[in-house]
Novice: 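One structure, as structure tokens, below. Some questions next.
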Amino acid sequence: MEPGDVFVCAVGADEQGERLVRCARRLARIAGLRPLFVHVIEPAAQDPLDVWEARSMLRHAGASAREMRVETGETAPALARVARQEGAALIVVASRGFGPLKAALLGSVSHALMTDAPVPVMILPPEVEPWFNTDRVLCGVDPDPGGSPSAGPSA
């Protein structure tokens, strides 16, 4: 990541929106990145009023007009598409804290992005207000990006 790079922040129509925008603002300030707040509406929602409501929700969460985008489609693929189109360095999403059964039935955007996103994904756990410390960063690294998830570090 370089200063000035864009990162995609997925803002849904729920109570997580304002928390995500606050997190994105802190991350942008510390890392020198530019946030692009994205809200995805269902493909069936072709009514211009739905797009207006989505933009209104983004404004209410704290996004300015020049840093917001409304997309139509399935959420995870739409976010990955925007990240590719914008040359984004990162995607930030919030987990809703679904248990395994509910996530299996309803789907999990964060899980889909972890496997299909073209860039790293930062997932905020539910009910957590992130504060970034510039002295320390925790980062999970796959020891064998081309291998299986169970592969351990090579000797």
Side-chain angles (χ1 to χ4, degrees), residues 1-43 45 51 54-55 57-59 61-98 100 103-104 106-154:
M1 283 188 271
E2 298 291 325
D5 283 353
V6 170
F7 71 98
V8 171
C9 183
V11 181
D14 59 17
E15 68 282 353
Q16 304 291 340
E18 290 179 37
R19 185 172 70 98
L20 270 167
V21 171
R22 284 193 307 270
C23 167
R25 295 271 183 243
R26 287 186 202 113
L27 184 59
R29 201 170 35 250
I30 289 169
L33 301 173
R34 292 182 300 115
L36 175 61
F37 300 102
V38 179
H39 178 73
V40 181
I41 56 179
E42 295 298 316
V51 173
R55 292 184 70 78
M57 183 270 310
L58 285 167
R59 276 191 299 279
S64 69
R66 64 180 163 69
E67 59 186 13
M68 69 172 73
R69 189 158 156 184
V70 177
E71 291 288 316
T72 302
E74 291 184 43
T75 306
L79 293 169
R81 182 179 66 245
V82 169
R84 273 191 296 281
Q85 290 170 348
E86 296 292 329
L90 176 72
I91 299 174
V92 178
V93 296
S95 170
R96 293 184 179 167
F98 291 158
L106 298 176
S108 168
V109 171
S110 55
H111 185 267
L113 283 170
M114 285 190 309
T115 58
D116 298 330
V119 296
V121 177
M122 177 178 162
I123 302 169
L124 299 177
E127 307 300 321
V128 171
E129 189 68 36
W131 293 98
F132 298 99
N133 179 336
T134 58
D135 296 331
R136 290 182 245 154
V137 175
L138 175 63
C139 180
V141 177
D142 183 351
D144 184 15
S148 69
S150 61
S154 57

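Worth knowing before you read on, the calculation uses all heavy atoms, side chains too, and leaves out hydrogens, waters and symmetry mates. The first residue in the sequence is number 1, and the count goes up from there.
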Novice: Just wondering, do E71 and V38 contact through their side chains at under 4.5 Å, heavy atoms?
Specialist: yes
Novice: Can you name the nearest heavy-atom pair linking L79 to A10, along with the distance?
Specialist: CD1-CB, 3.5 Å
Novice: Calculate, to the nearest 0.5 Å, the distance between atoms CG and CE belonging to L90 and M122 respectively.
Specialist: 7.0 Å
Novice: Where do E67 and P35 come nearest, in terms of heavy atoms and distance?
Specialist: CB-O, 3.6 Å
Novice: So which heavy atom on G73 is nearest to which on V40, and how close?
Specialist: O-CG1, 3.2 Å
Novice: Using a strict cut-off of less than 4.0 Å between a Lys/Arg side-chain nitrogen and an Asp/Glu carboxylate oxygen, indicate whether R81 and E74 qualify as a salt bridge.
Specialist: no
Novice: Considering all heavy atoms of both residues, which atom of P120 and which atom of A89 are nearest to each other, and what is their separation?
Specialist: CD-O, 3.5 Å
Novice: State, to 0.1 Å, how close A76 and A112 come at their nearest heavy-atom pair, and which atoms those are.
Specialist: CB-CB, 3.6 Å
Novice: Go through the steps for L124 and C23 under the test side chain to side chain contact (heavy atoms under 4.5 Å, CB included), then give the verdict.
Specialist: CA-CA 9 Å; L124 299 177; C23 167; 3.6 Å; yes
Novice: Report the distance from atom CZ of R66 to atom CZ of F37, rounding to the nearest 0.5 Å.
Specialist: 10.0 Å
Novice: Quick test of your reading: applying salt bridge (Lys or Arg N to Asp or Glu O under 4.0 Å), list the pairs with at least one residue in residues 109-123, sequence neighbours left out, ordered by first then second residue.
Specialist: none
Novice: Taking the side chain as every heavy atom from C-beta outward, state whether L33 and V6 have any atom pair closer than 4.5 Å.
Specialist: no
Novice: Can you measure from SG (C9) to CE (M68) and round to the nearest 0.5 angstrom?
Specialist: 12.0 Å
Novice: Before you tell me yes or no, could you show the steps for R84 and V119 under side chain to side chain contact (heavy atoms under 4.5 Å, CB included), namely the whole-Å CA-CA distance, both residues' side-chain angles and the distance that decides it to 0.1 Å?
Specialist: CA-CA 8 Å; R84 273 191 296 281; V119 296; over 6 Å; no
Novice: Between H39 (side chain only) and V70 (backbone N and O only), is there a donor and an acceptor less than 3.5 Å apart?
Specialist: no
Novice: List the residues meeting side chain to side chain donor-acceptor pair (under 3.5 Å) with E86, not counting sequence neighbours, and say none if there are none.
Specialist: R69
Novice: Considering all heavy atoms of both residues, which atom of F7 and which atom of A24 are nearest to each other, and what is their separation?
Specialist: CZ-O, 3.5 Å
